[in-house]
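This report refers to the structure that appears directly beneath it.
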Amino acid sequence: MGFTDELETRAEPVWESILEHPMVVELGEGTLDEEPFRYFIRQDYRYLIDNARALAQGTAKAPDYERMTTFAELLTLTVDFEMDLHRSYAQEFGIPEAELEATEPSPTTRGYTDFLLRIGATGTFGEIVAALLPCMWTFNETGKRLAENGLPDDERYATWVQTYAGDEYTELTRAAEDIMDDLAADASQEERERYRSLFETGVRYEYRFWDAAWRQEEWSV
Ligand SMILES: Cc1ncc(CO)c(N)n1
């Protein structure tokens, strides 16, 4: 069993909670209200800016050309393709561009991005991969599982499912998983434990991110 299979097994309960979360279920069914989705797009746009920074930190610390290239591709996918998708969602859902750009991170977005940037700044390449893997993996998995049930009637939500279930996103997720497996094969017991823990934190934040959008979480004061 590869290391990422082990990660998947360990994260299974959180994984299932994500797929059963009403935000994800209703997105897949196309019945999701616009308001939580609008909130999600704004927070996710904010999230992606720092996610891109963490990918850049990973690119900088990549030990060789091949892995640097994979990280550079992930970075490009994020800043070009994914953030463009969010900008067009903002237009479709009536979020003015200035409002999108000025979005204040929610407590959950703040926590998640600070976590990624801390590992990006202080971690090894392997630790950065472990912390970032849930981002790609859970979105790809969510997209694929929702696509299995048939695309939602609402075109806008269907686009979301198709994007994250799509070949390009799936291939890059697979490439990141392969990098994690290779790194883990050469890592010490302690390093592998550290990777597991970082991965688990990432998966937990992924759950919280959906939940925060569902609740439209705000700072208490
Ligand atoms: C919170 C979150 N995780 C992962 C992705 C996929 O890049 C995203 N857009 N947002």
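Atoms within each ligand, like the ligands themselves, are counted from 1 in listed order.
- Two rings, from W160 and F139, have their centers less than 6.0 Å apart.
- If you check the side chains of R208 and T108, you find a donor sitting under 3.5 Å from an acceptor.
- Listed by atom number, the atoms of ligand 1 under 4.0 Å from F209 heavy atoms are 1 (C).
- Y157 and E29 share no donor-acceptor pair across their side chains, judged by distance under 3.5 Å alone.
- Near Y169, meaning under 4.0 Å from any of its heavy atoms, are these atoms of ligand 1: 6 (C), 7 (O).
- Using a 4.0 Å cut-off between heavy atoms, M136 makes no contact with ligand 1 at all.
- Of the heavy atoms in L48, only side-chain atoms (C-beta onward) come closer than 4.0 Å to ligand 1.
- For ligand 1, the atoms lying closer than 4.0 Å to a non-hydrogen atom of Y164 are 9 (N).
- There is no side-chain donor-acceptor pair under 3.5 Å between E82 and Y45.
- With rounding to the nearest 0.5 Å, the separation of OG1 in T109 from OH in Y205 is 10.5 Å.
- Of all protein heavy atoms, the one lying nearest to atom 2 (C) of ligand 1 is Y47 CE2, 3.2 Å.
- Nearest protein neighbour of atom 3 (N) of ligand 1, counting heavy atoms only, is E206 OE2, 2.7 Å.
- Side-chain polar atoms of R46 and Q43 form no donor-acceptor pair below 3.5 angstrom.
- In this structure, atom 7 (O) of ligand 1 lies nearest to the protein heavy atom E82 OE2, 3.0 Å.
- In Y205, neither the side chain nor the backbone holds a heavy atom less than 4.0 Å from any atom of ligand 1.
- Heavy atoms from other residues, nucleotides or ligands lying under 6.0 Å from CZ of R215 number more than 12.
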Checklist entry - Taking it one step at a time, do W210 and F40 satisfy ring pair (Phe, Tyr, Trp, His ring centres under 6.0 Å)? => result CA-CA 8 Å; W210 289 113; F40 171 78; 4.7 Å; yes
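- Within the set W160, F139, W210, the minimum heavy-atom distance to atom 5 (C) of ligand 1 is found for F139.
- Here the protein heavy atom with the shortest distance to atom 10 (N) of ligand 1 is D44 OD1, 2.6 Å.
- Each of the following atoms of ligand 1 lies closer than 4.0 Å to a heavy atom of C135: 4 (C), 5 (C), 6 (C).
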